[in-house]
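Below is one structure, written out as structure tokens, with a few remarks after it.
Starting from 1, each residue takes its place in the sequence as its number.
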Amino acid sequence: MGDDGPREDVRDSVGEDAGRGSAEGSGEDERGDLRWGTIAGLVRSAAAQYADLEAVVDGRVRIRYAQLGERVERAAAACMAAGVEPGDRVAVWAPNTLDWIVSALGAVSAGAVLVPLNTRFKGAEAAYVLQRSRARLLFVTGTFLGTSYVASLRRAAAEGSGSGPLPGLPHLEQVVVLAEDAPDTFRTWKDFLAGGDRVPAQAVRERAEAVRPDAPSDIIFTSGTTGSPKGAVITHAQSLRCYAVWSELAGLREGDRYLIVNPFFHTFGYKAGILACLMRGATMVPQPVFNVDTVLANVAAERISVLPGPPTLHQSLLDHPQRDHHDLSALRLVVTGAAVVPLRLVERLRGELRIGTVLTAYGLSEAGGIVTMCRRDDPAETVSATSGRPIPDTEVAVLDSAGHPLPPCRAGEIAVRGHHVMQGYFEDPDATAAAITPDGWLRTGDVGVLDERGNLRITDRIKDMFIVGGFNAYPAEIEQLLGLHPDVADVAVVGIPDPRLGEVGKAYAVRRPGSTLTADDLIAWSRREMANYKVPRAVEFVTELPRNASGKILKRELRARP
């Protein structure tokens with residue numbers, strides 16, 4: 001799509017209401033004034049407006065919004081005392097906890113740019129993002145799911161010329177362990193917070209107020225077809241406007257109790273979770289690991305009313321043999337999303353659990369995490385078969401191979417233009433230019449169809465990405481990692497159906513001459529070298545991979561194999 005692509009043509013292709021939207025949920029309150037400006041402003045506003053409402057329940061710890069505001073300001077002061085300057089990147093590598101919320105919001109309130117790290121990452125994967133973003137400060141969990149993140153990172157960054165706590169990461173000046181103990185070169189969370197006590201409260205407020213709404217608030221790293229993670233840069237204003245819209249369309253209410261199973265490192269967990277709750281005065285109940293027994297217990301004990309997540313979460317909930325032994329009557333809102341959401345799932349959520357609102361949505365990090373969303377009065381068929389219509393003030397088009405808008409019911413590449421399209425990939429102008437056209441259209445690489453009402457249905461992925469239990473898996477990145485195995489001469493990865501996770505990876509590998517490598521060997525090696533959702537669940541050895549005349553692997557042929 002070039003400069004000559006008129007907005008009117010795109011609106012016609014998706015329907016006027018869907019393509020352009022209205023002022024609904026635009027980030028303005030009932031009085032019509034802009035509420036927050038920045039995420040720090042949102043935190044202060046929530047602490048005042050919802051002061052006595054319960055903000056976070058994390059195990060036995062329960063704090064109210066006024067207390068949350070105080071904790072965030074103390075974390076911001078500690079960041080300032082640690083030398084964090086506006087625009088510096090600060091990373092968080094930890095599961096869903098109160099400490100994640102406080103450390104992340106504290107860093108952003110101090111003017112830093114948040115870089116969330118996937119908790120499924122191994123040390124080398126985390127080190128790459130830290131190096132690529134030149135993060136100066138890292139908040140990291142101690143041990144999670146039996147893995148020492150500190151030890152994993154130290155192994156990955158042991159060699160280098162840096163003078164900080166990790167020689168292989170010369171820009172990383174401080175590492176703060178979100179635990180009571182830390183290695184000598186790192187700091188504990190308690191000691192870190194104490195360091196900010198000498199920073200005057202007025203200085204913290206002035207630092208927060210100096211942040212501009214158009215300043216970057218976070219960099220979400222996501223892999224592409226090149227296999228190298230790229231960081232999508234999003235501003236404060238974009239995040240706030242986008243999730244004010246999400247909160248309005250979802251119908252999130254003051255006093256809702258929101259079980260946040262979606263990981264905080266993901267836009268869905270951080271922004272549709274933490275930021276949305278701050279906007280509406282909902283209670284956050286973070287859950288570090290998805291476990292259906294824990295979900296059931298939390299929903300019953302905490303009277304959870306809001307439960308977003310991938311379809312696999314809700315399917316597991318419905319099918320649990322002890323489901324009826326738990327009181328799930330408070331549940332009223334579910335938001336999910338995937339290429340395919342079974343109609344039966346929507347009907348069961350509404351019928352068996354009597355959930356009043358079940359919605360689906362589509363988004364990607366490069367567009368702030370949300371592009372389209374169903375409306376609360378949509379029929380079950382629309383919710384299950386589509387990802388809804390564009391959110392207000394957003395244009396969505398389906399393009400042919402030449403970049404021209406296609407009419408309804410024709411499949412093509414999905415393109416997005418609107419207030420939430422990223423500023424670009426962090427320090428990567430070439431990748432940015434390849435993704436965003438001169439007139440502001442984001443080429444998503446996803447294939448979809450718009451119906452006559454402007455509802456979007458995702459049908460395929462140009463980038464070959466597949467979704468494993470809600471996590472995006474990129475074959476190029478997995479292939480790059482598998483190629484490091486000394487006995488693998490060539491490899492291709494495709495997504496295959498899986499009854500539990502939706503899709504999983506299957507690797508077609510060519511052994512090096514004389515190798516006796518087995519499928520079990522390669523899978524076991526993969527589990528040590530990459531995040532679990534990236535690990536191929538099946539390996540088939542072949543003598544050669546099918547390629548076209550230019551040498552490109554014909555993945556369509558691999559997918560067609562039995």
TODO: Report the C-alpha distance between V449 and L406 in whole Å, list the side-chain angles of each, state the deciding distance to 0.1 Å, and finish with yes or no for side-chain contact (heavy atoms from CB on, under 4.5 Å).
DONE: CA-CA 9 Å; V449 175; L406 289 165; over 6 Å; no
Open item on the list: Run I414 and V447 through side-chain contact (heavy atoms from CB on, under 4.5 Å) and show every step you take.
Closed with: CA-CA 6 Å; I414 300 165; V447 178; over 6 Å; no
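- At least one donor-acceptor pair under 3.5 Å links the side chain of T372 to the backbone N or O of S387.
- Scanning both residues, S133 and F426, for their nearest heavy atoms gives CA-CE2, 3.8 Å.
- Inter-residue side-chain proximity for L249 and I391 is flagged as met; some heavy-atom pair is nearer than 4.5 Å.
- Side-chain polar atoms of H320 and D293 form a donor-acceptor pair below 3.5 angstrom.
- Residues passing the side-chain hydrogen bond (donor to acceptor under 3.5 Å, both in side chains) test with D487, sequence neighbours excluded: none.
- Note that CG of N96 is 8.0 Å distant from CZ of F144, once rounded to the nearest 0.5 Å.
- Among all heavy-atom pairs drawn from T267 and S365, the shortest one is OG1-OG, 4.2 Å.
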Could you pull out every donor-acceptor pair under 3.5 Å between side chains of residues 488-499 and any protein atom, sequence neighbours left out?
{"from": "D490", "atom 1": "OD1", "to": "R547", "atom 2": "NH2", "distance (Å)": "3.3"}
{"from": "D490", "atom 1": "OD2", "to": "R547", "atom 2": "NH2", "distance (Å)": "2.4"}
{"from": "D498", "atom 1": "OD2", "to": "R500", "atom 2": "N", "distance (Å)": "3.0"}
{"from": "D498", "atom 1": "OD2", "to": "L501", "atom 2": "N", "distance (Å)": "2.7"}

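- With contacts defined as side-chain heavy-atom distances shorter than 4.5 Å, the pair L517/R512 does not qualify.
- Closest approach of N262 to G309, counting heavy atoms only: OD1-CA, 3.5 Å.
- With rounding to the nearest 0.5 Å, the separation of CG in L328 from CD in E352 is 11.5 Å.
- A donor-acceptor pair under 3.5 Å is formed between the side chain of T432 and the backbone N or O of Y425.
- Residues L105 and I274 are in side-chain contact: their nearest non-hydrogen atoms beyond the backbone lie under 4.5 Å apart.
- Judged as a ring-ring contact (aromatic ring centres under 6.0 Å, His included), and not counting sequence neighbours, the contacts of Y533 are F471.
- The neighbour count for R410 CZ, taken as heavy atoms of other residues, nucleotides or ligands under 6.0 Å away, does not exceed 12.
- The closest donor-acceptor contact from the side chain of R457 to the backbone of G388 lies at 3.5 Å or more, if one exists at all.
- A heavy-atom distance below 4.5 Å is found between the side chains of S239 and L275.
- With hydrogens and angles disregarded, no donor-acceptor distance shorter than 3.5 Å links the side chain of S247 to the backbone of L252.
- Side-chain polar atoms of N298 and Q287 form a donor-acceptor pair below 3.5 angstrom.
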TODO: Could you give me the CA-CA distance, side-chain angles and deciding distance for V56 and V61, then say whether side-chain contact (heavy atoms from CB on, under 4.5 Å) is met?
DONE: CA-CA 8 Å; V56 183; V61 178; over 6 Å; no
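- With sequence neighbours excluded, the residues forming a side-chain hydrogen bond (donor to acceptor under 3.5 Å, both in side chains) with N532 are R527, listed by chain and number.
- For D446, the salt bridge (Lys or Arg N to Asp or Glu O under 4.0 Å) criterion is met by no residue, not counting sequence neighbours.
- The closest donor-acceptor contact from the side chain of D451 to the backbone of N455 lies under 3.5 Å.
- The distance from the CD1 atom of I553 to the CG atom of L558 is 7.5 Å, given to the nearest 0.5 Å.
- By the 4.5 Å heavy-atom criterion applied to side chains, V510 and V542 are counted as neighbours.
- Checking D58 against T97 by side-chain atom types alone, no donor-acceptor pair falls below 3.5 Å.
- Here the side chains of P263 and P95 are not in contact, with every heavy-atom distance at 4.5 Å or above.
- The shortest heavy-atom contact between E347 and A380 is CG-CB, 4.5 Å.
- Using a 4.5 Å heavy-atom threshold, the side chains of L130 and L153 count as touching.
- Every residue two or more places apart in sequence or in another chain was checked for a side-chain hydrogen bond (donor to acceptor under 3.5 Å, both in side chains) with R354, and none qualifies.
- Without hydrogens or angle criteria, R417 side chain to A397 main chain gives no donor-acceptor distance under 3.5 Å.
- Of all non-hydrogen atoms in P286 and F264, the two that sit nearest each other are CB-CZ, 3.7 Å.
- Not a single donor-acceptor pair under 3.5 Å links the side chain of S152 to the backbone N or O of S148.
- For T394 (side chain) and V416 (main-chain N/O), no donor-acceptor pair under 3.5 Å exists by modelled atom type.
- Rounded to the nearest 0.5 angstrom, I304 CD1 and Y258 OH are separated by 11.0 Å.
- Interatomic distance, CD of E248 versus CE of M279, reported as 12.0 Å (0.5 Å rounding).
- Between E477 and K534 there is a salt bridge, since at least one side-chain N of the basic residue sits less than 4.0 Å from a carboxylate O of the acidic one.
- Applying the salt bridge (Lys or Arg N to Asp or Glu O under 4.0 Å) criterion to E540, with sequence neighbours excluded, gives K506.
- Under the salt bridge (Lys or Arg N to Asp or Glu O under 4.0 Å) criterion, the residue pairs touching residues 299-310 are R62-E302, R257-E302, R303-D327, with sequence neighbours excluded.
- The nearest pair of heavy atoms linking S316 to T312 is OG-O, 2.8 Å.
- For W93, the ring-ring contact (aromatic ring centres under 6.0 Å, His included) partners at least two apart in sequence or on another chain are Y149.
- Using a cut-off of 4.0 Å between Lys/Arg side-chain N and Asp/Glu carboxylate O, K230 and E366 are scored as not salt-bridged.
- When the ring-ring contact (aromatic ring centres under 6.0 Å, His included) test is applied to Y270, the partners found at least two apart in sequence or on another chain are W100.
- Atom-to-atom distance recorded for I260:CD1 and M284:CE is 6.0 Å, nearest 0.5 angstrom.
- Without hydrogens or angle criteria, H314 side chain to L307 main chain gives a donor-acceptor distance under 3.5 Å.
- Considering only residues two or more places apart in sequence or on other chains, D319 meets the side-chain hydrogen bond (donor to acceptor under 3.5 Å, both in side chains) condition with Q315, R348.
- Residues passing the salt bridge (Lys or Arg N to Asp or Glu O under 4.0 Å) test with E413, sequence neighbours excluded: R443.
- In this structure a side-chain-to-backbone donor-acceptor pair under 3.5 Å is present from H326 to Q322.
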- [ ] Apply the test side-chain contact (heavy atoms from CB on, under 4.5 Å) to residues L345 and T336: give CA-CA distance (whole Å), side-chain angles for both, the deciding distance (0.1 Å), then the verdict.
- [x] CA-CA 11 Å; L345 176 62; T336 188; 5.5 Å; no
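- Residues L456 and T386 have side chains not in contact (no heavy-atom distance under 4.5 Å, counting atoms from C-beta outward).
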